[in-house]
Amino acid sequence: MAALLNRLHHISLHVSNAEKVAGDLVSKFKFSLFATRLTDTSRQLAFRKGTAVFIVNERQNQSGVSLNEELRLTDAFDPHPVNVGKNDRDNSIKCLYDFSPHYPVDSVSNVCFEVEDVERSFSTLRNLGCNFMVPPTTVQDERGPVTYSVVKSIVGNVCHTLIDRTKYKGSFLPGFDVIEKDCLPEEDLSCPITHFDHITYVCPKKSTHQVMSWYEKLFGFQRFFIKSDEDVDEGFVVNHKDVGLRLTAMEYWKCSEAGITLPSVDKKEPDCKFVIAESLPGQGKNQVDTFLEQHGAPGIQHIGLYTKDIVSSAQAMAHAGVGKQQEIEEAGHSPQLLAQNGILLDTDLCQDPLPQTTSSEKKRHLLQLFTKPLFAEDTFFLELIERRGATGFGEGNIRALWRSVQAHMENQTGDSQGEGSKKTMQSGQY
């Protein structure tokens with residue numbers, strides 16, 4: 001691999017109205033605002049729940065770097081550090097630890113990874129043909145320096161910030177004003193989200209293998225099989241009358257060798273799977289096509305948030321819906337309770353390597369639910385997921401969840417046609 005990733009640091013959103021998204025993250029999903037960067041040209045807000053960190057960047061105007069515009073690194077590279085300390089604050093950079101893209105709609109467009117050597121990663125990746133939007137840049141304040149660069153991925157508008165904060169003694173990043181712990185609201189324990197579980201890309205037809213090859217070659221990701229008998233070339237196929245999808249998953253190789261374990265602040269390993277979704281050829285229009293149309297390019301469609309108690313989390317988000325009513329008692333919940341909160345439950349069958357009884361399959365449970373889109377367009381939503389021994393994704397849940405997204409979009413289309421105008425979705429209502 002060209003770049004050795006340590007762990008996922010944060011995920012960035014670029015939106016036109018930061019207050020709207022911030023309000024949803026805090027009130028609906030129980031994230032806490034813990035750091036801000038407010039200048040005349042930028043507004044960056046950082047939210048945390050467990051180890052999951054979102055940075056919300058507000059688009060002040062449309063000036064910035066186009067994704068199709070290659071950065072002239074010989075002109076742009078500046079070895080001098082950017083000082084952002086209290087007594088010497090440089091606010092000339094519009095978007096620290098990211099870049100300001102030309103993009104017409106709200107989008108989740110940056111997944112930031114911690115690395116040990118930004119300049120070495122930059123040199124290696126650049127030699128392999130990668131396009132960098134930001135060359136190695138050092139930002140420092142009274143607590144020390146942080147170095148980062150931003151590389152464009154192979155997926156639409158998605159970029160990856162590579163960051164080294166090993167020499168930084170602060171609690172977050174230079175340039176951000178961290179809210180003192182005494183001033184932060186008490187953590188809402190009714191919504192025990194701990195970390196990012198997975199990130200799902202939506203891509204055009206027949207592009208999955210190219211995406212997987214890019215991540216394998218440059219960042220060391222390897223295939224993760226959603227289903228034990230999944231075809232290597234075809235992936236996991238969801239072919240229903242109203243849903244035609246191909247899903248393929250990948251994960252970082254360290255996780256594959258050591259086994260999937262819950263991450264912690266001290267455990268510096270990537271803690272997140274990546275799932276690629278594309279439409280099947282010859283199928284009617286579905287949510288993948290809708291995403292590509294409304295988003296204008298491939299990109300991040302949804303992010304899975306791991307929770308230790310999905311029922312408590314869903315109730316805290318004031319959810320109501322319909323759930324799957326089988327095998328639920330085995331997971332310790334009543335069908336009525338899960339149904340009231342729109343939670344789907346599935347099992348992950350794990351074959352005992354040395355079966356000594358007639359019943360050699362151990363059931364591992366997986367509980368999931370999707371939210372409605374957070375943006376005005378049908379381009380981004382969140383998923384809650386609780387794993388009870390399961391490391392993969394439940395086949396039955398996958399079919400049901402994606403069908404629920406399809407049904408929601410069809411309902412929205414019907415409402416829009418009936419009202420003669422586009423209906424804005426309300427986030428936080430599952």
Quiz prompt | Min side-chain heavy-atom separation L305-F31 under 4.5 Å | solution = yes
Quiz item: Is the side chain of R223 donor-acceptor paired with the backbone N or O of T248 at a distance under 3.5 Å, no angle test?
Solution: no
Self-check item: Any L374 side-chain heavy atom under 4.5 Å of F29 side chain
Solution: yes
Practice problem: Compare all side-chain heavy atoms of S16 with those of F375 and state whether any distance is below 4.5 angstrom. | Solution: no
Practice problem: Using the test side-chain contact (heavy atoms from CB on, under 4.5 Å), find all partners of S109 that sit at least two apart in sequence or belong to another chain. | Solution: H14, S107, N157
Quiz item: Rounded to the nearest 0.5 Å, what separation is found between the CG atom of D177 and the OG1 atom of T36?
Solution: 5.0 Å
Quiz item: Would you say the side chain of M250 lies within less than 4.5 Å of the side chain of I276, judging by non-hydrogen atoms?
Solution: yes
Practice problem: Determine, stepwise, if the pair V211 / F274 fulfils side chain to side chain contact (heavy atoms under 4.5 Å, CB included). | Solution: CA-CA 11 Å; V211 173; F274 285 68; over 6 Å; no
Practice problem: Return the set of residues passing side-chain contact (heavy atoms from CB on, under 4.5 Å) with A35 (not counting sequence neighbours), or none when no residue passes. | Solution: A46, F172, F176, V178
Self-check item: Heavy-atom side-chain contact between K30 and I193 under 4.5 Å
Solution: no
Quiz item: Which distance, rounded to the nearest 0.5 Å, do you find between the CZ of F132 and the CG of L162?
Solution: 6.0 Å
Quiz prompt | Listed partners of V105 passing side-chain contact (heavy atoms from CB on, under 4.5 Å), at least two apart | solution = Y103, H295, E377
Quiz prompt | Test side chain to side chain donor-acceptor pair (under 3.5 Å) applied to Y201 - qualifying residues, sequence neighbours left out | solution = Y215
Quiz item: Is the backbone of C191 close enough, under 3.5 Å, to the side chain of K49 for a donor and an acceptor to pair up by distance?
Solution: yes
Practice problem: Determine yes or no for a side-chain-to-main-chain donor-acceptor pair under 3.5 angstrom, with T307 supplying the side chain and L384 the backbone. | Solution: no
Exercise. Would you mind telling me which of T290, L245, L292 makes a side-chain contact (heavy atoms from CB on, under 4.5 Å) with V202?
Key: L292
Self-check item: Verdict with supporting geometry, H198 and Y306, side chain to side chain contact (heavy atoms under 4.5 Å, CB included)
Solution: CA-CA 9 Å; H198 63 275; Y306 183 91; over 6 Å; no
Quiz item: Do Q140 and N83 have a side chain donor and acceptor closer than 3.5 Å?
Solution: yes
Exercise. Please name all residues satisfying side chain to side chain donor-acceptor pair (under 3.5 Å) with E293, sequence neighbours left out, ordered by chain then number.
Key: K285
Quiz item: Under the 3.5 angstrom rule, does the side chain of T137 hit a backbone N or O of P135 as a donor-acceptor pair?
Solution: yes
Practice problem: For R246, enumerate each residue passing the salt bridge (charged side-chain N to carboxylate O under 4.0 Å, His left out) test, keeping only those at least two apart in sequence or located in another chain. | Solution: E234, E278
Self-check item: D233: partners by side-chain contact (heavy atoms from CB on, under 4.5 Å), with sequence neighbours left out
Solution: H209, D231
Self-check item: With sequence neighbours excluded, residues passing side chain to side chain donor-acceptor pair (under 3.5 Å) with S121
Solution: none
Self-check item: Separation of D164 CG from F113 CZ (nearest 0.5 Å)
Solution: 15.5 Å
Quiz prompt | Set of residues satisfying salt bridge (charged side-chain N to carboxylate O under 4.0 Å, His left out) with respect to E116, sequence neighbours excluded | solution = none
Exercise. Identify the two heavy atoms, one from F291 and one from G299, that lie closest to each other, and give their separation to 0.1 Å.
Key: CE2-N, 3.5 Å
Quiz prompt | T371 OG1 to H302 NE2 distance, which is reported to the nearest 0.5 Å | solution = 9.5 Å
Quiz item: Of all residues at least two apart in sequence or in a different chain, which pass the salt bridge (charged side-chain N to carboxylate O under 4.0 Å, His left out) check with D106?
Solution: R59
Quiz item: With no hydrogens and no angle check, is any side-chain donor or acceptor of S32 less than 3.5 Å from a backbone partner on F34?
Solution: no
Quiz item: Any side-chain heavy-atom pair from L173 and L96 closer than 4.5 angstrom?
Solution: no
Quiz prompt | Evaluation steps, side chain to side chain contact (heavy atoms under 4.5 Å, CB included), between I199 and L8 | solution = CA-CA 11 Å; I199 298 170; L8 195 157; 4.1 Å; yes
Practice problem: Locate the shortest heavy-atom distance separating P174 from D141; write the atom from each residue and the value. | Solution: CA-OD2, 3.5 Å
Quiz item: What pair of heavy atoms forms the shortest contact from W214 to K152, and how long is it?
Solution: CZ2-O, 3.7 Å
Quiz item: Taking all atoms of both residues into account, what is the closest heavy-atom pair of T147 and V118, and its distance?
Solution: O-CG2, 3.3 Å
Quiz item: About how many Å separate CG of N110 and OG1 of T161, when rounded to the nearest 0.5 Å?
Solution: 3.5 Å
Quiz prompt | Under 3.5 Å side-chain donor-acceptor pair for D98 and Y148 | solution = no
Quiz item: Nearest heavy-atom pair of E119 and P136: which atoms, and what distance?
Solution: CG-CB, 4.0 Å
Quiz item: Short question: side chain of E386, backbone of L367 - any donor-acceptor pair under 3.5 Å?
Solution: no
Quiz prompt | Side-chain touch C159/F99, heavy atoms, less than 4.5 angstrom | solution = yes
Self-check item: side chain to side chain contact (heavy atoms under 4.5 Å, CB included) between V21 and F47, intermediate numbers included
Solution: CA-CA 11 Å; V21 176; F47 300 85; over 6 Å; no
Quiz prompt | Within-4.5 Å side-chain heavy-atom neighbours: C203 and V155 | solution = yes
Exercise. May I ask you to decide if V288's main-chain N or O and S279's side chain share a donor-acceptor pair within less than 3.5 Å?
Key: no
Quiz item: Looking just at side-chain N and O atoms, do T51 and H195 make a donor-acceptor pair shorter than 3.5 Å?
Solution: no
Self-check item: Stepwise side chain to side chain donor-acceptor pair (under 3.5 Å) test for S153 and H160
Solution: CA-CA 7 Å; S153 83; H160 294 297; 4.7 Å; no
Self-check item: Any residue meeting side chain to side chain donor-acceptor pair (under 3.5 Å) with N57, in chain and number order, not counting sequence neighbours
Solution: Q44
Quiz item: Got a sec, which residues hit salt bridge (charged side-chain N to carboxylate O under 4.0 Å, His left out) with K205, two or more places apart in sequence or on another chain?
Solution: D289
Quiz item: Hey, what do you get for CZ (F219) to CG (L4), rounding to the nearest 0.5 Å?
Solution: 11.0 Å
